[in-house]
Protein chains: 2
Amino acid sequence: MESIKQVIHSMIQASDREMNQFLEDSRVATYQPYEVLAEPGVIPESIFFISHGLVRVIIADQAGDEHTIHFALENQFIADYSGFILRQPGLYYLQALEETQVFILPRKSIEWGYSNMQEGQKLGRLIAEFYFIYHDNRIKNLYARTPLERYNALAEVFPNIHNRVPQHMIASYLGITPVHLSRLKKNNRY
Amino acid sequence: MESIKQVIHSMIQASDREMNQFLEDSRVATYQPYEVLAEPGVIPESIFFISHGLVRVIIADQAGDEHTIHFALENQFIADYSGFILRQPGLYYLQALEETQVFILPRKSIEWGYSNMQEGQKLGRLIAEFYFIYHDNRIKNLYARTPLERYNALAEVFPNIHNRVPQHMIASYLGITPVHLSRLKKNNRY
DNA sequence: TTAAAATGATAACATTTGTTAACGCATACA
DNA sequence: TGTATGCGTTAACAAATGTTATCATTTTAA
């Protein structure tokens with residue numbers, strides 16, 4: 001409970017009363033490695049806050065192949081946020097890769113926060129901006145850097161990722177095959 | 001002046017007084033095709049609203065090659081938003097591709113809006129969410145669709161783009177060479 | 001403890017994509 | 001009007017990346 005409060009306090013001013021009411025309807029859940037927090041086809045009705053653990057975001061293409069789109073770490077919010085905002089069925093799997101504890105914030109709480117917390121809208125803005133910057137950076141790197149450069153810079157975005165995630169998932173995140181990543185590493189001259 | 005008011009009113013409630021004060025320090029500017037609205041290396045101090053025209057967002061890689069990262073159309077906000085938020089030097093060129101008229105909203109106005117407009121933070125949240133959804137969609141497509149599929153779906157995101165932008169810029173946006181796009185189109189069997 | 005499964009490296013080969021150059025056509029402009 | 005420039009297509013070839021298979025090692029689970 002403390003970690004989410006800390007993170008929110010680092011972004012906005014909120015009274016204890018606001019904070020407690022905001023979190024009142026949240027619940028804690030724990031997932032084992034490879035367990036699934038959310039599946040595609042369902043309208044997302046909650047936002048997750050990861051207190052510890054690691055969540056992989058996956059999309060499946062038409063052929064059924066799965067692609068790792070994102071890794072979400074402790075002290076971050078994660079959701080199929082587009083689906084949540086648009087109230088459309090999600091497209092992502094959210095999968096724990098480690099034993100992972102989350103707070104589940106239902107839509108009701110988010111909406112309560114927007115309407116009733118002094119800085120609720122600001123909190124929403126800052127979270128959206130955080131992910132905007134993450135996405136923007138990612139797209140910059142995609143256009144302006146090679147896969148190997150992106151590989152070498154990965155740990156800046158996901159600290160310690162190489163000790164927490166198998167390499168083939170990293171290859172998937174980079175948009176290349178595991179075989180190719182292995183080759184690139186071999187020729188990694190820096 | 002009317003178009004930006006309409007767009008803002010479609011997102012939030014705002015009194016005439018709020019709206020007029022918010023826009024008080026904005027100015028109108030007009031750019032000819034290929035003129036540049038913003039360059040990398042400078043901390044972005046304003047947000048643009050395109051009342052008509054079309055702006056291309058470009059990033060240059062280490063080799064100096066330019067990549068088209070985005071097209072911004074009329075009635076949209078555009079900026080090097082990451083740089084604006086983080087107060088860091090921008091990385092993008094913003095280039096008009098048609099005769100383009102914009103409102104330039106200085107940082108001062110944005111901050112005034114956050115502090116003084118009833119729904120200022122909400123406006124910021126909705127704009128950040130809009131671009132979040134755009135980015136998210138884009139990344140989904142990047143992983144789950146082929147370049148040809150992305151080409152065929154382009155006009156959904158950028159209406160009439162094929163009549164407004166030369167094909168080699170579209171190829172650049174898709175992350176492929178003009179020669180390759182030409183080949184793909186030739187084999188486009190649907 | 002042991003057997004099965006997952007992981008990562010590597011090789012051989014196939015496919016995709018990039019590079020360079022040439023050409024025809026349209027457009028801009030002097 | 002004529003000339004230069006930009007655009008899109010095509011072809012030939014090169015480079016990058018994917019595919020499939022094999023192997024050794026580590027991890028997982030019975």
Side-chain angles (χ1 to χ4, degrees), chain A residues 31-36 53-54 56 58 60-68 71 95-100 141-152 154-155 158 160-190, chain B residues 32-36 54 56 58 60-68 71 95-99 141-152 154-155 160-190:
Chain A
Y31 297 89
Q32 296 306 309
Y34 308 114
E35 267 194 274
V36 163
L54 194 163
R56 178 165 75 126
I58 303 164
D61 62 25
Q62 283 189 318
D65 294 332
E66 299 192 338
H67 306 268
T68 301
F71 300 106
Q95 178 194 48
L97 290 186
E98 302 172 351
E99 178 167 319
T100 296
N141 287 338
L142 219 45
Y143 281 86
R145 291 185 168 182
T146 66
L148 184 55
E149 288 171 328
R150 282 184 273 135
Y151 174 81
N152 287 325
L154 244 202
F158 304 118
N160 203 27
I161 191 73
H162 298 295
N163 299 315
R164 299 179 71 178
V165 168
Q167 185 172 297
H168 70 268
M169 292 183 188
I170 292 177
S172 174
Y173 177 82
L174 294 173
I176 61 180
T177 59
V179 175
H180 189 48
L181 177 54
S182 189
R183 267 189 304 226
L184 291 177
K185 284 173 69 181
K186 192 180 176 186
N187 301 327
N188 191 354
R189 317 192 188 294
Y190 269 87
Chain B
Q32 296 307 308
Y34 307 114
E35 266 194 276
V36 163
L54 193 163
R56 177 164 75 125
I58 303 162
D61 62 24
Q62 283 191 318
D65 293 333
E66 298 191 340
H67 306 267
T68 301
F71 300 107
Q95 178 193 49
L97 290 186
E98 301 173 350
E99 178 167 319
N141 287 337
L142 218 45
Y143 281 86
R145 290 184 169 184
T146 66
L148 184 56
E149 287 172 327
R150 282 183 272 135
Y151 175 81
N152 287 327
L154 244 203
N160 203 29
I161 191 73
H162 299 294
N163 298 317
R164 299 178 73 178
V165 167
Q167 185 173 298
H168 70 270
M169 292 184 189
I170 291 177
S172 173
Y173 177 82
L174 295 173
I176 60 180
T177 59
V179 175
H180 188 49
L181 176 55
S182 190
R183 267 188 304 224
L184 291 177
K185 285 172 68 179
K186 193 180 175 186
N187 301 327
N188 191 355
R189 317 194 189 293
Y190 270 87

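Note: hydrogens, waters and symmetry copies are ignored here, and every other heavy atom, side chains too, is used. Here is how names work: the chains are called A, B, and so on, in the same order as the sequence lines, proteins then strands, and each is numbered from 1.
Across the helix from C:dT1-D:dA30 to C:dA30-D:dT1, the helix axis at one end is tilted relative to the axis at the other end by 50° (nearest 10 degrees, each axis from five pairs).
Across every non-hydrogen atom of B:Y143 and A:T68, the tightest pair is CE2-O, 3.5 Å. Heavy-atom minimum distance, A:E149 versus A:A144: OE1-O, 4.3 Å.
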With sugar-phosphate taken as primed atoms, P, OP1 and OP2 and all else as base, the protein-contact string of nucleotides 3-20 of chain D at under 4.0 Å (heavy atoms; B, S, -) is ----SSBBBB----SBBB

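Remark: the backbone N or O of A:D65 is paired with a side-chain donor or acceptor of A:D61 at under 3.5 angstrom. Without hydrogens or angle criteria, A:R150 side chain to A:L174 main chain gives a donor-acceptor distance under 3.5 Å. Between the A:T100 side chain and the A:L54 main chain, a donor and an acceptor come within less than 3.5 Å of each other.
Around atom CD of B:Q62, no more than 12 heavy atoms belonging to other residues, nucleotides or ligands sit under 6.0 Å away.
For the pair A:L181 and A:Y151, the minimum side-chain heavy-atom distance is below 4.5 Å.
Atom CZ of A:R164 is separated from atom P of D:dT27 by 17 Å (rounded to the nearest Å). Rounded to whole angstrom, the span from the CG atom of B:L148 across to the P atom of C:dT17 amounts to 10 Å. Rounded to whole Å, the distance from CD on B:E149 to P on C:dT16 is 14 Å.
Using cut-offs of 30° and 60° on the angle between ring planes, the pair A:F158 and A:Y173 is perpendicular.
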